[in-house]
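First the structure, in the form of structure tokens, and then the observations on it.
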Amino acid sequence: MNTLIKEFIRTKAVDLTELRRQFHSEPELSWEEYKTTAFICDYLSQLGIPYRKTDPTGVIAEIKGGRSGKTVALRADIDALPVEELNKDLIYASKEHGKMHACGHDAHTAMLLIAAEALNGLKDELSGTIRLIFQPAEEAARGAKMMVEEGAMEGIDHVFGIHIWSQMPTHKVACTPGPQFASADIFNVKFTGQGGHGAMPQDCIDAAVIASSFVMNLQSVVSRTIDPQQGAVVTVGKMEAGTRFNVIAENAKIEGTVRCFDPSVRDHVEKQIDHYANQVASIYGGIAQVEYIRGTQAVINDAESAALVQKVAAECFGEHVLFDEKPTMGGEDFSFYLDHAPGSFALVGSGNSEKDTEWAHHHGKFNIDEDALVTGAELYAQFAWAFLQENK
């Protein structure tokens with residue numbers, strides 16, 4: 001633990017909260033984070049930290065240490081969601097109708113800026129380089145890929161990220177080795193039958209019946225074709241069929257998502273969706289068209305990296321902060337950075353019933369206990385410091 005980092009971040013608690021509130025009040029959706037990007041650039045300029053913008057939004061910056069060594073990357077996402085803010089009484093509530101930081105990315109951005117300020121003050125003592133990745137479009141599941149294409153992971157030896165987590169008590173830190181977030185894919189299925197009058201079903205092929213049968217049969221993919229010890233979720237979230245009450249549907253469309261941790265399970269589910277769709281359509285004499293879109297991969301924490309996070313958290317905040325949070329079926333495109341370097345993704349608790357901050361992520365009432373900001377900012381900085389110290 002670096003005591004200077006701890007002391008500096010404690011003195012910046014008020015600034016940290018103000019930063020987060022500014023980002024929260026001015027949310028921008030994926031690929032539209034122009035004001036946020038400009039603010040980050042101005043902040044880094046004032047600190048004298050060199051940076052470059054990515055296209056169309058986002059920032060990559062570097063803090064070069066006084067001595068040579070390895071390079072560690074710290075990542076924060078900066079985009080908001082198309083969610084209406086329901087916390088109307090907050091003085092920093094969203095000013096943008098239908099847009100809200102409902103997942104905590106405002107906190108991530110503020111925490112990494114303050115962590116960067118702390119580390120920049122100690123750059124002469126650093127043995128190596130710290131790369132700062134302010135990533136757009138995490139909610140679109142494409143921002144990390146773009147940042148990798150922009151060179152964010154070139155020369156990186158290790159990568160670390162943080163997510164504020166309302167399901168954990170404030171200040172708690174979770175970073176277990178192995179799966180942390182699931183892969184998140186999308187599937188679209190279109191069924192084509194033969195429409196006609198609702199009073200003459202014998203002359204028709206009902207796409208609504210085909211789609212309904214598919215939805216019911218699809219439930220057995222997880223329950224009957226996957227090892228029960230392997231986690232997987234197949235969810236149909238949207239279904240459209242027909243045009244009128246007395247017209248048999250000629251077309252039906254289904255949209256859903258697949259979540260799992262194991263790549264082989266992912267491959268299996270993709271094949272089963274195609275198989276079930278075509279077989280069910282064939283039974284009724286219809287046609288199926290399946291589109292399977294691979295989104296984020298599973299976030300798998302490197303064992304050594306996770307152990308270092310736990311060590312740093314225990315030294316900085318005490319053993320009691322360590323929390324054993326089970327893996328989530330939520331998706332995170334941080335996974336694409338792990339294709340290029342080992343690393344880990346930690347959760348920092350921000351749930352506090354007294355402050356009404358235990359709402360689920362992506363909910364219009366989502367908010368964070370701002371006391372967690374100091375924990376997150378220090379964890380960013382202390383992890384980078386510890387990694388470079390251990391890898392001189």
Side-chain angles (χ1 to χ4, degrees), residues 29-31 81-84 86 97-100 102 137 139-142 182-226 228 230-260 263-297 328-331 333 360-364:
L29 302 182
S30 299
W31 304 124
L81 284 157
V83 172
E84 181 67 23
L86 298 180
H97 177 67
K99 300 177 184 180
M100 178 193 172
E139 297 295 354
R142 297 196 301 273
S183 58
D185 300 335
I186 298 169
F187 63 89
N188 301 308
V189 183
K190 180 181 178 181
F191 292 105
T192 302
Q194 182 174 314
H197 200 291
M200 303 173 185
Q202 72 278 8
D203 297 328
C204 307
I205 298 173
D206 195 336
V209 172
I210 300 174
S212 299
S213 180
F214 170 74
V215 171
M216 296 305 297
N217 280 283
L218 190 63
Q219 309 310 308
S220 66
V221 169
V222 173
S223 66
R224 289 297 178 269
T225 74
I226 293 174
Q230 292 278 14
V233 172
V234 178
T235 296
V236 173
K238 184 177 180 180
M239 182 175 177
E240 296 178 350
T243 58
R244 182 176 161 83
F245 76 96
N246 63 347
V247 177
I248 287 179
E250 182 154 335
N251 298 293
K253 295 180 180 179
I254 286 173
E255 297 177 11
T257 186
V258 176
R259 309 295 174 102
C260 59
S264 64
V265 172
R266 190 184 197 186
D267 293 340
H268 172 79
V269 173
E270 180 179 359
K271 291 178 182 177
Q272 291 297 101
I273 288 173
D274 185 80
H275 175 71
Y276 276 51
N278 282 285
Q279 292 298 316
V280 169
S282 178
I283 290 172
Y284 293 95
I287 299 172
Q289 294 174 284
V290 180
E291 179 186 30
Y292 194 94
I293 304 167
R294 295 213 168 199
T296 61
Q297 304 170 134
T328 173
M329 283 293 178
D333 74 352
H361 293 250
H362 293 208
H363 192 282

Where do Val222 and Val233 land on the side chain to side chain contact (heavy atoms under 4.5 Å, CB included) test, with the steps shown first? CA-CA 7 Å; Val222 173; Val233 172; over 6 Å; no
Could you measure the distance from the CE atom of Met329 to the SG atom of Cys260? Nearest 0.5 Å is fine. 7.0 Å
With Thr225 as partner, the option from Lys271, Gln272, His275 fulfilling side-chain contact (heavy atoms from CB on, under 4.5 Å) is Gln272
With a 4.5 Å cut-off on side-chain heavy atoms, are Ser212 and Met239 touching? yes
I need the Ser264 OG to Gln230 CD distance, nearest 0.5 Å. 6.0 Å
Nearest-0.5 Å distance that lies between atom OG1 in Thr257 and atom CD1 in Ile186: 6.5 Å
Taking Asn278's backbone N and O only, do any of them form a donor-acceptor pair with Ser282's side chain (distance below 3.5 Å, no angle check)? no
Smallest separation among heavy atoms of Asp333 and Arg142, with atom names: OD2-N, 3.8 Å
Is it the case that the side chain of Thr235 and the backbone of Gly237 share a donor-acceptor pair, with hydrogens and angles ignored and the cut-off at 3.5 Å? no
Note, Ile293 side chain near Glu291 side chain (heavy atom, < 4.5 Å): yes
So, do Phe191 and Phe214 have ring centers that fall under 6.0 Å from each other? yes
Establish, from distance only, whether the side-chain atoms of Asn217 and Ser213 form a donor-acceptor pair under 3.5 Å. yes
Which atom names give the shortest non-hydrogen contact between Asn246 and Arg244, and what distance separates them? OD1-NE, 2.9 Å
Is it true that a side-chain atom of Glu84 and a backbone atom of Gly98 form a donor plus acceptor pair closer than 3.5 Å? yes
Given Ile254, which of Val290, Asn188, Val236, Ile273 fulfils the side-chain contact (heavy atoms from CB on, under 4.5 Å) condition? Val236
Check whether any side-chain heavy atom of Leu29 sits under 4.5 Å from a side-chain heavy atom of Lys99, and report yes or no. yes
Give the minimum heavy-atom separation between Val265 and Ala232, together with the two atoms involved. CG1-CB, 4.1 Å
To the nearest 0.5 Å, atom CE of Met100 lies from atom CG of Leu86 at 7.0 Å
Check Thr296 against Ala141 and note the closest heavy-atom contact, atom names and distance. CG2-CB, 3.7 Å
Distance in Å, Gln194 CD paired with Asp203 CG, rounded so as to fall on 0.5 Å steps: 8.0 Å
Answer whether the closest heavy-atom distance between the side chains of Pro201 and Asp206 falls below 4.5 Å. no
If you apply the rule side chain to side chain contact (heavy atoms under 4.5 Å, CB included), what do you find for Phe187 with Val269, and how did you get there? CA-CA 11 Å; Phe187 63 89; Val269 173; over 6 Å; no
NE2 of His361 to CG of Leu81, rounded to nearest 0.5 Å, is 11.0 Å
Of Gln297, Arg266, Arg294, which is the lone residue that meets side-chain hydrogen bond (donor to acceptor under 3.5 Å, both in side chains) with Asp185? Arg266
Exercise: identify the closest heavy-atom pair between Ser30 and Ala140: OG-N, 3.6 Å
Looking only at heavy atoms, the pair that brings Gly331 and Ala184 closest together is CA-CB, 4.1 Å
With the threshold set at 4.0 Å, does a side-chain nitrogen-carboxylate oxygen contact exist between Lys238 and Glu240? yes
Find out whether Val234 and Leu218 are in side-chain contact, i.e. whether some heavy atom of one side chain is under 4.5 Å from a heavy atom of the other. yes
